[in-house]
Protein chains: 2
Amino acid sequence: MKDKKLVQEITAMDADFAQWYTDVVKKAELIGYTSVKGCVIIRPYGYAIWENIQADLNRRFKETGHENLYMPMLIPESLLKKEADHVDGFAPECAWVTVGGSEELSERLCIRPTSEVLFCEHFRDVVQSYRDLPKLYNQWANIMRWEKTTRPFLRSREFLWQEGHTLHETEQEARDETLQMLEVYRDFYAETLAIPVVWGRKTEKEKFAGAEESYTVEPMMHNGVGLQGGTSHYFGDGFARAFDIKFAGRDNTIQYPHQTSWGVTTRMIGAVIMVHGDDSGLRLPPRVAPVQAVVIPVMQHKEGVLEAATALTDSLKSAGIRVKLDDRDQSPGWKYSQHEMQGVPLRIELGPRDIEAGNCVLARRDTGEKIVTSIDGIADTVAALLETIQADMYQRALENLTTKTSTATSYPQLLELAENSPGFIRAMWCGDTTCEDKIKDDTGGVKSRCIPFEQENLASDCVVCGKPAAHMVVWGRQY
Amino acid sequence: MKDKKLVQEITAMDADFAQWYTDVVKKAELIGYTSVKGCVIIRPYGYAIWENIQADLNRRFKETGHENLYMPMLIPESLLKKEADHVDGFAPECAWVTVGGSEELSERLCIRPTSEVLFCEHFRDVVQSYRDLPKLYNQWANIMRWEKTTRPFLRSREFLWQEGHTLHETEQEARDETLQMLEVYRDFYAETLAIPVVWGRKTEKEKFAGAEESYTVEPMMHNGVGLQGGTSHYFGDGFARAFDIKFAGRDNTIQYPHQTSWGVTTRMIGAVIMVHGDDSGLRLPPRVAPVQAVVIPVMQHKEGVLEAATALTDSLKSAGIRVKLDDRDQSPGWKYSQHEMQGVPLRIELGPRDIEAGNCVLARRDTGEKIVTSIDGIADTVAALLETIQADMYQRALENLTTKTSTATSYPQLLELAENSPGFIRAMWCGDTTCEDKIKDDTGGVKSRCIPFEQENLASDCVVCGKPAAHMVVWGRQY
């Protein structure tokens, strides 16, 4: 009964992308549902992807001089209100604790929707002199935002993330940090998740509540829909003034420090699914795959098969490859489809005839290609093939991004593209929020993804109002 | 001004142990206070200790076949109420979310005080057959308990922990798991934290809400006070029945599985401080120390000193030692006292004369001993010395535990010891909660630590009531 369920067909991507996504997160055992609306269980296979993401990012954060710490999860309402833009942005989606034990609280506490105000309160306590700067902090934490519509990984009431918070002596240092961390994200998406991004600055309308400037990396899902993939914010000294964070500078004057924050979340797992997946389920880039290669003994009850499969597994393990031997009492076909569903990058089949010939069969999850190869030197072969798969997956995602990005030089053309060509649209913009709003209203949801760093002068006028253009913007729908 | 603060005296342990503890957590920069009562910031130096603890335990959990996952942090009140003993134990200290966004919730949600009920709900969904067992799960998470009196690390409203939750086909398997994980904790305390423990079963009165049996590891602080250091619970099938978790057994009958849970928390950091610390501050066992050795250049502005110190640091780093070069523009004496406060196990001093002689000076934090040694082969010397320090710290803690453990064979003797000899008391007990309560009342707080696995027949009668004794119990005050 259970066996059947695992090989059941999932909805085809082209038939219903949303249903395909829901099927995959469930059948690949990434997510479990609970009686808590809008909150999900990240099951062991999904959580193992997150642990790989954490390890990789932690290495990058430490290489750039950051330290991890842990802030309380509850924020008093009065503290949240200290920075005006910030509270306006977050208060509407806070979950509020009003009772502790059996007592009504005198002040209600929200579960952190983000932790800027806590970091600010701490910075005020520990920073007195320029010698105390910079503070380069990061936190891994759970976050709560009372969303109305939720979708596993992409938008849930509780999610996991990291939030970097840094404090600097000068504006330039803080601006450099903001862009440095955006580049860390861009490189992480490309190198580790095999996902190319469009990157640049957010428009005034789309920036973070309380930031002077917000920057973003924006991947495109297989169906052409965008996703805010990670953001890095320059705060100026706005929070410092609101929270009275001051330091004695090198010239002995009292100054306000400059601040940044930056974060990525478990929604990156959603991006991995929707960028790389196919009609057989998940396809995981080797660098974040919990299992990079699975060894499947064929006719495992024949003499010598299990021994040979175990030896093969051990030699891959010694080479540092995340490998699993699947010797469960199930048919190879059933195992194949389960590992396909779970997106294991490489399947290694080994049967009596292979063993006799000194060979095994490698089956790539990304292309379906089967390669007969010698067991001799298998660890090197597999390591190299995993690198090839990683690179090919990036290329395929890049082709999708390129193919599904169009250019509009007139408003009717933009509307036509928004209606009929799923994907991103490049178009010139005057910089006025009115025009941004008009595009969103007229298209039923196309928003500015960002003002990319790589600008191109597509035309001299705003695609909406015809006034002189200030920027080229990439527009698109989003999750 | 700031410089002075760091070398200020802390309160002496003997004068006021509680104040000494508070001084150390603050001045060693482990903890920061916030405007959220009962919740603290775990600052980077404190959090780095936690990261070392996590890495070590994660390795042990994976070696014993466990997988990490993540459950929601909110629990609907109705779900918490499903197991009667459990809700009685936890409901009084729950923090309740009653408002989400701008809406009053129809059912209030508590922030998890522990996650048994969520795991049970999930087990019910994913377990159908004996083939789905065992489930060996662990979660790293933040926890909220609305405590009235709080103390950093030891007892705070929010804390970090891991909670293992496992489900088994048979009672024997579940009982074996319960004891296996207790042994993991015992070994972790001994080998990694350099802390010996008393270990055994909790009495009926002290066991976990909903458990059939609770087991515990109990370290003793330097002042003789105990601490529940980690617990492992056997649940039988009580939760399974309450949550209707069933499976088809090997004989095709429908059965209830057997369950365990086990956890340790950030209070272990409190134990490390209070077991090993001294009047100069923290003393960290090398295996959890964020910095195992600090290199301090003496007369660092003299030619060649900084270069030699850097080379020394690099050679230690290459050998996998967590080492830091402190080349800040401060006096060596000021640096010494800061690193002493922060408990860095080994200080390495290197000045012009040392360099000329091909030597450096090693200063042990645990004993204060100074050793002149050759720079040649320094990595091996330091690695060996760190192991010696680790072993010596364990021995010193064991001596404290042994010295401060007494035996009482009469009730007046027990009362006298409780009054005048801080530490643990071994005494016989009939097994009746009335006698346990009487000891607590008569002594103002001495409780059963556990019924140790290693029993000794001190007398034939209960130390309180004189009826036949059932067990030897270790009694003591606790944090």
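Letters go in sequence order (proteins before strands), and every chain restarts at 1.
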Handout entry: Residue A/L79 versus chain B: region with a heavy atom under 4.5 Å
Key = side chain
Exercise for the section: Specify which of A/G100, A/S78, A/G46, A/A48 makes the most heavy-atom pairs with chain B at under 4.5 Å. Expected result: A/G100
Problem - Residue part contacting chain B, namely of A/E51, when any heavy atom lies under 4.5 Å - result: side chain
Practice task
Any chance you could measure B/R43, atom CZ, to A/H122, atom NE2, to the nearest 0.5 Å?
Solution key: 4.0 Å
Completion exercise
One should read off an interatomic distance between B/M144 CE and A/L109 CG, to the nearest 0.5 angstrom, of 8.0 Å
Completion exercise
Comparing B/A95, B/P44, B/G32 against chain A, the one with the most heavy-atom pairs below 4.5 Å turns out to be B/P44
Fill in the blank from the handout: Bottom line for A/R108: the part with an atom under 4.5 Å from chain B's heavy atoms is side chain
Completion exercise
The reported gap from OG1 in A/T34 to CG in B/L118 (rounded to nearest 0.5 angstrom) is 7.0 Å
Handout entry: Approximate separation, where rounding is to 0.5 Å, of A/L160 CG and B/M73 CE
Key = 9.0 Å
Completion exercise
Okay, B/Y45 and chain A: the region with an atom under 4.5 Å from a heavy atom over there is neither
Completion exercise
Taken to the nearest 0.5 Å, the spacing of B/K37 NZ from A/S106 OG works out to 11.0 Å
Practice task
Compare every heavy atom of A/Y33 with every heavy atom of B/D125, then report the nearest pair and how far apart it is.
Solution key: OD2-O, 4.0 Å
Practice task
Can you measure from CD1 (B/I41) to CZ (A/F119) and round to the nearest 0.5 angstrom?
Solution key: 8.5 Å
Practice task
Would you mind telling me which of A/E158, A/E103, A/E67 has the largest number of heavy-atom pairs within less than 4.5 Å of chain B?
Solution key: A/E158
Fill in the blank from the handout: In terms of heavy-atom contacts, A/W146 and B/L105 come closest through CZ2-CD2, 3.7 Å
Handout entry: Top contributor to chain A interface from B/D329, B/L74, B/N142 [non-hydrogen pairs under 4.5 Å]
Key = B/N142
Completion exercise
Turns out that what part of A/W96 lies under 4.5 Å from chain B's heavy atoms comes down to both
Exercise for the section: Between chain B and each of A/C39, A/C94, A/C110, count heavy-atom pairs under 4.5 Å; write down the option with the most. Expected result: A/C94
